[in-house]
Visitor: 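Provided herewith is a single structure, encoded as structure tokens, for subsequent inquiry.
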Amino acid sequence: MPELPEVETVKNTLKNFLLGKKIKDIIINYDKIIKYDNKDFKNALIDQTFMDIDRYGKYLIFKFEKNSLVSHLRMEGKYFIRKNLADITKHDHIIFTLENDIYLTYHDVRKFGTMELTKKGEEFFLKSLSKLGPEINNPNIDINSIYQKIKTSSRPIKAVLLDQTIVAGLGNIYVDETLFLAKIHPNKQAKTISLKQLKIIINSAQEVINKAIKLGGTTIRSYQSSLGVDGRFQNELNVHTLAGKQCKRCNTLIKKIKVAGRGTYICPNCQEEE
DNA sequence: ATCTATGCCTGGTGGC
DNA sequence: TGCCACCAGGCATAGA
């Protein structure tokens with residue numbers, strides 16, 4: 001599940017390869033990935049050149065001369081560069097033919113990913129992007145305004161941190177790691193979190209996210225490595241995927257529970273429920 | 001206004 | 001071995 005650090009890594013890798021390259025053709029093998037009309041999609045992008053690639057939260061933003069393509073990888077989305085048509089596999093749903101017959105493919109086993117086209121400069125008018133909160137890795141993030149949003153919520157703190165309208169970029173892995181660092185139980189109701197505790201949570205999240213970005217993200221449950229996603233943060237995980245292993249702080253066994261409908265890993269001793 | 005439930009998908013897993 | 005029910009999960013949408 002690519003979260004902010006993984007998408008950042010993909011962005012940087014793709015940027016190195018794609019900037020200045022032109023799209024010659026587009027093959028759409030599964031069209032539900034693309035929102036709106038496929039013909040418009042092709043017309044708008046063929047003969048266009050990759051000018052820049054940005055990221056906001058977990059979204060990739062490919063910028064061309066006039067248009068931008070906003071791409072979300074959801075759970076299993078990956079980009080590959082294929083040198084030959086013969087290398088294209090069954091889960092390569094969108095194929096961008098570049099110059100010199102090199103192919104950029106969007107690969108997605110679960111077909112959950114999305115692509116939507118917009119005019120360059122109007123990306124944040126899209127429904128998806130317009131709703132996003134501040135990015136979790138923003139060093140100037142306004143913790144007070146987050147506190148105002150969550151201080152009356154009865155939802156578990158984990159659900160709130162996963163809510164991209166509150167803060168953008170965290171997913172299941174990094175929320176577990178964040179709450180472990182902050183010593184907060186994921187089931188603790190948001191309204192019982194003090195401003196001081198929220199500061200600890202946000203600082204922990206930034207520590208986790210920044211370290212993960214440095215290490216190129218986390219590669220787990222991924223039987224196939226993707227362009228740009230061969231992270232090393234999986235070696236740094238403290239709780240996520242580690243059920244039955246000893247907590248590095250107190251030696252208590254890590255437990256897997258369910259919070260807000262999601263598989264959640266905690267140290268039952270360090271993260272005491274209230 | 002808030003929150004919860006459901007649908008989207010396929011490969012892997014565990015039970016029989 | 002094969003069949004099948006079930007699970008994983010980010011986000012949009014519908015419903016409470």
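What you see is a predicted model; the values in this text were computed from it and never measured. Order of the sequence lines fixes the chain letters, A, B, ..., with proteins taken first and strands second; residue numbering starts at 1 for each chain.
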Visitor: With salt bridge (Lys or Arg N to Asp or Glu O under 4.0 Å) as the rule and sequence neighbours excluded, what pairs involving residues 165-185 of chain A come up?
Guide: A/Lys158-A/Asp176
Visitor: Name the pairs: protein N/O against N/O of nucleotides 13-16 of chain C, kept only if under 3.5 Å.
Guide:
from	atom 1	to	atom 2	distance (Å)
C/dT13	OP2	A/Lys127	NZ	3.3

Visitor: Just do the side chain to side chain donor-acceptor pair (under 3.5 Å) check on A/Asp54 and A/Tyr56 with the steps written out, would you?
Guide: CA-CA 7 Å; A/Asp54 284 344; A/Tyr56 192 93; over 6 Å; no
Visitor: What side-chain hydrogen bond (donor to acceptor under 3.5 Å, both in side chains) pairs are there with at least one residue in residues 145-154 of chain A, not counting sequence neighbours?
Guide: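 Every side-chain hydrogen bond (donor to acceptor under 3.5 Å, both in side chains) pair that includes a residue of residues 145-154 of chain A, provided the two are not neighbours, is A/Gln148-A/Lys151.
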Visitor: If you compare all heavy atoms of A/His91 against all heavy atoms of A/Val109, which two are closest, and at what distance to 0.1 Å?
Guide: CD2-CG2, 3.7 Å
Visitor: Determine which pairs satisfy ring pair (Phe, Tyr, Trp, His ring centres under 6.0 Å) with at least one residue from residues 158-181 of chain A, sequence neighbours left out, and list them in order.
Guide: A/Tyr174-A/Phe233
Visitor: In the hydrophobic clustering that connects Ile, Leu, Val, Met, Phe, Trp and Tyr at side-chain heavy-atom distances below 4.5 Å, which members other than A/Ile266 occupy its cluster, ordered by chain and number?
Guide: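 Besides A/Ile266, the cluster holds A/Ile257, A/Val259.
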Visitor: Only counting residues at least two apart or in another chain, list the ones meeting ring-ring contact (aromatic ring centres under 6.0 Å, His included) with A/Tyr36.
Guide: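 So A/Tyr36 forms no ring-ring contact (aromatic ring centres under 6.0 Å, His included) with any residue.
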Visitor: Starting at atom CG of A/Asn172, determine the distance to atom P of C/dC7, rounded to an integer number of angstrom.
Guide: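 In whole Å, C/dC7 P and A/Asn172 CG are 16 Å from each other.
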Visitor: Can you run down the side-chain hydrogen bond (donor to acceptor under 3.5 Å, both in side chains) pairs that involve residues 122-132 of chain A, sequence neighbours left out, and say none if there aren't any?
Guide: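 Of all non-adjacent pairs touching residues 122-132 of chain A, those that pass side-chain hydrogen bond (donor to acceptor under 3.5 Å, both in side chains) are A/Ser68-A/Glu123, A/Glu116-A/Ser128.
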Visitor: Only pairs under 3.5 Å count here: list side-chain donor-acceptor contacts from residues 96-105 of chain A, not counting sequence neighbours, and write none if there are none.
Guide:
from	atom 1	to	atom 2	distance (Å)
A/Glu99	OE1	A/Lys22	N	3.0
A/Thr105	OG1	A/Asp92	OD1	3.2

Visitor: With pairs taken as Watson-Crick or G-U wobble and both distances under 3.5 angstrom, which stems of at least three consecutive pairs involve DNA chain C?
Guide: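 For DNA chain C the paired stretches long enough to count as stems (3 pairs minimum) are B:2-16 with C:2-16.
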Visitor: Check this one for me: any side-chain N or O of A/Gln164 less than 4.0 Å away from OP1 or OP2 of C/dG10?
Guide: no
Visitor: For the hydrophobic clusters of this structure (ILVMFWY residues joined by side-chain heavy atoms under 4.5 Å, transitively), does one cluster hold both A/Leu181 and A/Leu170?
Guide: yes
Visitor: If you restrict it to nitrogen or oxygen atoms, what contacts under 3.5 Å exist between nucleotides 1-4 of chain B and the protein, and what is each distance?
Guide:
from	atom 1	to	atom 2	distance (Å)
B/dC3	OP1	A/Ser153	OG	3.1
B/dC3	OP1	A/Ser154	N	3.4

Visitor: With sequence neighbours excluded, what pairs up with A/Phe112 under the ring-ring contact (aromatic ring centres under 6.0 Å, His included) test?
Guide: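 Listed in chain order: nothing, the list is empty.
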Visitor: When the distance from CD1 of A/Ile33 to C1' of C/dA12 is rounded to whole Å, what number comes out?
Guide: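 Whole-Å distance recorded here is 15 Å.
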Visitor: Is any side-chain nitrogen or oxygen of A/His72 closer than 4.0 Å to OP1 or OP2 of C/dG10?
Guide: no
Visitor: Atom pairs under 3.5 Å, N or O on each side, protein against nucleotides 8-10 of chain B: can you list them with distances?
Guide:
from	atom 1	to	atom 2	distance (Å)
B/dC9	OP1	A/Tyr30	OH	2.7
B/dC9	OP1	A/Lys32	NZ	2.2
B/dC9	OP2	A/Lys32	NZ	3.3
B/dC9	O5'	A/Tyr30	OH	3.3
B/dC9	O2	A/Arg110	NE	3.2
B/dT10	OP1	A/Lys111	NZ	2.7

Visitor: Considering all heavy atoms of both residues, which atom of A/Phe17 and which atom of A/Lys21 are nearest to each other, and what is their separation?
Guide: O-NZ, 2.9 Å
Visitor: How many whole angstroms separate atom CD1 of A/Ile173 from atom P of C/dG10?
Guide: 9 Å
